Amino acid sequence: MAETLTTEARRVSAPHSTRSPHSTDPTRSARSGRSATVRDIAVVGAGAAGTLTAMRLLRNAAEHRAPACRVWLIDPAPTGLGLAFSTNEPHHLLNVPATNMSAHVDEPGHFVQWLSRHGHGDGFVPRGRYGRYLADSLDEAAALPGAPQLLRLHERVVSVGHVDGDRDDDRAAPVELTFGTGQVLSVHAVVLALGNFPPDDSWAPPALRDAVGFFPDPWVAGLSAAVGDTGDVLLVGTGLTMVDIAHTLQRPGRVVHAVSRHGLLPQRHSDPLVPPADRPDLEGPTGLAELRRAVLSHLSRCRRTHGDWRPGMDSLRADTTALWQRLSPDDQARFMREDLRHWETHRHRIPPSSAEALQAAVDAGRVSLGRGTVTQATATSDGIRVVLDDARTLSVTAVVNCTGSRTDLTRVDDPLVTSLLRSGFAQAAPLGGFRTGSSGALLPAPGRTRAPLWTLGSLRRGDLLESTAIPEIRRQADSIARTLLSPSGVAAARGHAEQGGTHRS
Ligand SMILES: Cc1cc2nc3c(=O)[nH]c(=O)nc-3n(C[C@H](O)[C@H](O)[C@H](O)COP(=O)(O)OP(=O)(O)OC[C@H]3O[C@@H](n4cnc5c(N)ncnc54)[C@H](O)[C@@H]3O)c2cc1C
């Protein structure tokens, strides 16, 4: 039996509601006289991207007296800070300086001011601190006078469907979200902020995948305790994740080995930080080969004029997506094969203190870094024996997959993603994430009706290339919020609103 959303909202969300004392009851919006339409916007995923989207919806709606709406923030995770910022480990540092980590596009100093108010300096601060900042900023937005109601549900969304399929106009259709519990929530628009999926482990021989000491997901809760304090460890992957996990798993008498196909390590930020150089003129080059030459010559010029390539690299950031989208699909695929690793190690750098700690561990023999791939593995009575492609054999108690989040959605084992692709509401982008239109609207499969679904962050990586860090995510969150709160956003959802939102058990 369907029940009205207003009734159910009280019952389902009350224990988790972050509604402030300033907010009014759930029927407030409908009675406020601003609009007869109560629109329900669901943000699925409450990591950094979902939190920033909810925050922007609340702030923009309050500031611009937007039409009435309710914001549902849905994530099974109790903290809701996502993968990167729920860590409590003090050595897990931001890899972007605090000055560039504000939650708000229009207030660049917001995070630094928050740090100062809480007695902290800026720079590369612990990521857990950024998580607390995000949580505070969300509460702050929910407490703004006139902010929509924020309702939190600790649920996993497993599928998306039409509320009614026989619409006779071209307006976007409303959607039904089904939770793992079987409950259904009907809303007018959905933002999918699903973030990072566990890494691909298809590189691992079957015997390794079956071994007790194999950890396919480096961010699994309690990794350190599960690995234990004795025996050497092998990390597969030598990027940003490896730097964190190597630090976490170091113990006296243990060697943490880390290998990858290329053996490339993340570069370090300069100390002190240097601002980006002037943006280069890259209007001319169209193909990948020409673009590579132009970029390399820009970096060499920066090395000569600034004594460092980093300001040159950072000056490319604002134009990266436009340059990426100018490349042909063949050139994009070639970049992924031939350039991505070098691009990422130079683009996503580690703080100087993390680089120094890693070097000290290497010098002390606690960490060993290099090139290598796993060719064979055998479970033994006290761990795993691994053979690498250079014929080295390592006896370790654990192998941790640090190869980075899986981006090919056709290979992600996730019921919601599978449902979106199967139903045709979404298409996988050939180079990762979903195919998206402007403001992150999901592009449906050919011939299918567009549903009011948006996405952001790493789920747009194939389309945008530069789409995984906060500076890009906060802009995308703002753009989605503006779209959803605009008069055309209201029009798109109106058909459903007239029928009334429903939440069923
Ligand atoms: C270790 C690490 C460190 C990083 N450090 C930085 C940094 O210093 N600076 C920076 O700018 N960027 C950093 N990044 C990039 C980072 O990915 C983004 O900044 C940001 O954390 C991404 O947030 P997200 O919300 O997109 O994803 P996630 O953090 O992965 O969150 C996604 C959330 O969605 C939820 N979810 C998924 N599926 C469902 C579903 N079906 N139903 C309900 N909920 C669901 C999950 O439970 C999760 O809470 C880092 C990334 C990693 C992995």
Side-chain angles (χ1 to χ4, degrees), residues 42-54 72-87 89 91-103 111 123-131 133-134 152-160 177-181 185 190-199 217-219 221 237 239-245 247-248 266 269 317 344 347-351 354 402 404-407 409 412-420 433 440 455-461 466-477:
V43 179
V44 181
T51 302
L52 288 171
T53 305
W72 297 78
L73 184 55
I74 306 166
D75 194 318
T79 60
L81 299 173
L83 188 59
F85 307 118
S86 51
T87 172
E89 297 215 26
H91 62 265
H92 286 173
L93 302 180
L94 292 182
N95 55 35
V96 175
T99 43
N100 203 12
M101 287 290 286
S102 169
F111 180 42
F124 298 98
V125 303
R127 292 206 298 271
R129 206 169 280 168
Y130 189 74
Y133 160 71
L134 283 182
R152 299 198 65 162
L153 293 178
H154 293 300
E155 301 279 357
R156 175 164 294 280
V157 176
V158 294
S159 71
V160 169
L177 300 178
T178 304
F179 301 143
T181 53
L185 176 71
V190 178
V191 182
L192 297 162
L194 311 181
N196 300 285
F197 294 100
D217 181 355
W219 302 112
L240 296 169
T241 301
M242 176 282 290
V243 176
D244 281 350
I245 303 295
H247 203 301
T248 300
H269 282 286
R317 187 165 186 168
E344 288 195 329
R347 173 61 202 83
H348 301 287
R349 304 190 287 271
I350 53 175
S354 302
C402 298
S405 173
R406 195 196 280 261
T407 56
L409 297 185
V412 161
D413 182 17
D414 180 276
L416 175 55
V417 170
T418 307
S419 134
L420 287 160
T455 192
L456 76 167
S458 51
L459 291 171
R460 299 191 70 192
R461 185 165 171 264
E466 186 77 79
S467 188
T468 54
I470 296 299
E472 282 70 35
I473 291 175
R474 70 182 167 212
R475 265 201 305 279
Q476 295 173 17

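Start at 1 and go down the list; that is how both ligands and their atoms are numbered. Note that this is a predicted model, so its numbers are computed, not measured.
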Expected output: side-chain Ser467 to main-chain Gly457 donor-acceptor under 3.5 Å: yes
Ala48: numbered ligand 1 atoms lying under 4.0 Å from its heavy atoms: 20 (C), 21 (O), 23 (O), 25 (O)
Side chain, backbone, both or neither: the part of Thr468 lying under 4.0 Å from ligand 1 by heavy atom: backbone
Basic-acidic side-chain contact under 4.0 Å: Asp244, Arg127: yes
Closest candidate by heavy atom, reference atom 6 (C) of ligand 1, pool Leu93, Ile473, Asn95: Asn95
Straight-line distance of Leu185 CG to Phe179 CZ, nearest 0.5 Å: 4.5 Å
Any N/O pair Leu94/ligand 1 closer than 3.5 Å: no
Straight-line distance of His154 NE2 to Leu73 CG, nearest 0.5 Å: 8.5 Å
Residue, atom name and distance, where the atom is the protein heavy atom closest to atom 32 (C) of ligand 1: Leu194 O, 3.4 Å
Identity and separation of the nearest protein heavy atom to atom 31 (O) of ligand 1: Gly47 CA, 3.5 Å
Under-4.0 Å heavy-atom contact with ligand 1, by part of Phe85 that carries it: side chain
Protein heavy atom at shortest distance from atom 42 (N) of ligand 1: Val157 N, 3.0 Å
Top protein contact for atom 12 (N) of ligand 1, by heavy-atom distance: Ala469 CA, 3.8 Å
Atoms of ligand 1 close to Gly45 [distance to a heavy atom under 4.0 angstrom, numbered from 1]: 34 (O), 35 (C), 44 (N)
Matching residue for Arg460 among Thr468, Ile473, Thr455 - test: side chain to side chain contact (heavy atoms under 4.5 Å, CB included): Thr455
Structural part of Leu240 in contact with ligand 1, heavy atom criterion under 4.0 angstrom: neither
Per-residue contact class, Ser458 against ligand 1 - non-hydrogen pairs under 4.0 Å: neither
Residue portion contacting ligand 1 (non-hydrogen atoms closer than 4.0 Å) for Arg127: side chain
Interatomic spacing from OG1 in Thr248 to NE2 in His92 - rounded to 0.5 Å: 3.0 Å
Whether Ala84 lies under 4.0 Å from ligand 1, heavy atom: yes
Spacing of OG1 belonging to Thr51 relative to CZ belonging to Phe85, to within rounding of 0.5 Å: 10.0 Å
Option whose closest heavy atom lies nearest to atom 35 (C) of ligand 1, chosen from Thr51, Asp75, Ile245: Asp75
Shortest non-hydrogen contact between Arg349 and His269, atoms and distance: O-NE2, 3.4 Å
Minimum-distance pair of heavy atoms, taken over all atoms of Phe124 and Leu93: O-CD2, 3.7 Å
For Glu155, the ligand 1 atoms whose distance to one of its heavy atoms is below 4.0 Å: 43 (C)
Candidate with minimal heavy-atom separation from atom 44 (N) of ligand 1, of Ala49, Pro218, Pro76, Ala77: Pro76
Closest non-hydrogen atom pair between Glu89 and Thr87, with its separation: N-OG1, 3.0 Å
Protein heavy atom at shortest distance from atom 27 (O) of ligand 1: Gly195 CA, 3.1 Å
Atom pairs and distances, donor-acceptor, side-chain atoms in residues 192-199, under 3.5 Å, two or more places apart:
none

Shortest protein heavy-atom distance from atom 38 (N) of ligand 1, along with the residue and atom involved: Arg156 NH1, 3.5 Å
Step-by-step side chain to side chain donor-acceptor pair (under 3.5 Å) determination, His247 to Ser354: CA-CA 9 Å; His247 203 301; Ser354 302; over 6 Å; no
His92 touching ligand 1 at heavy-atom level, < 4.0 angstrom: no
Proximal ligand 1 atoms for Ala193, defined as those under 4.0 Å from one of its heavy atoms: 32 (C), 33 (C), 34 (O)
Per-atom contacts, ligand 1 versus Val44 - under 4.0 Å to a heavy atom: 40 (C), 42 (N), 43 (C)
Atoms of ligand 1 close to Ile74 [distance to a heavy atom under 4.0 angstrom, numbered from 1]: 43 (C), 44 (N)
Arg347 side, atom CZ; Arg317 side, atom CZ - distance, nearest 0.5 Å: 4.0 Å
Closest non-hydrogen atom pair between Gly47 and Asp75, with its separation: N-OD2, 3.9 Å
Atoms of ligand 1, numbered as shown, that sit under 4.0 Å from any heavy atom of Trp219: 1 (C)
Ligand 1 N/O within reach of Leu83 N/O, cut-off under 3.5 Å: yes
Closest non-hydrogen atom pair, Glu472 against Glu466: CG-O, 3.4 Å
Shortest protein contact, atom 17 (O) of ligand 1 (heavy atom only): Asn196 ND2, 3.4 Å
Between CD1 on residue Ile470 and CG on residue Leu52, distance to nearest 0.5 Å: 5.5 Å
Ile470 neighbourhood, listing ligand 1 atoms whose heavy-atom distance to it stays under 4.0 Å: 10 (C), 11 (O), 19 (O)
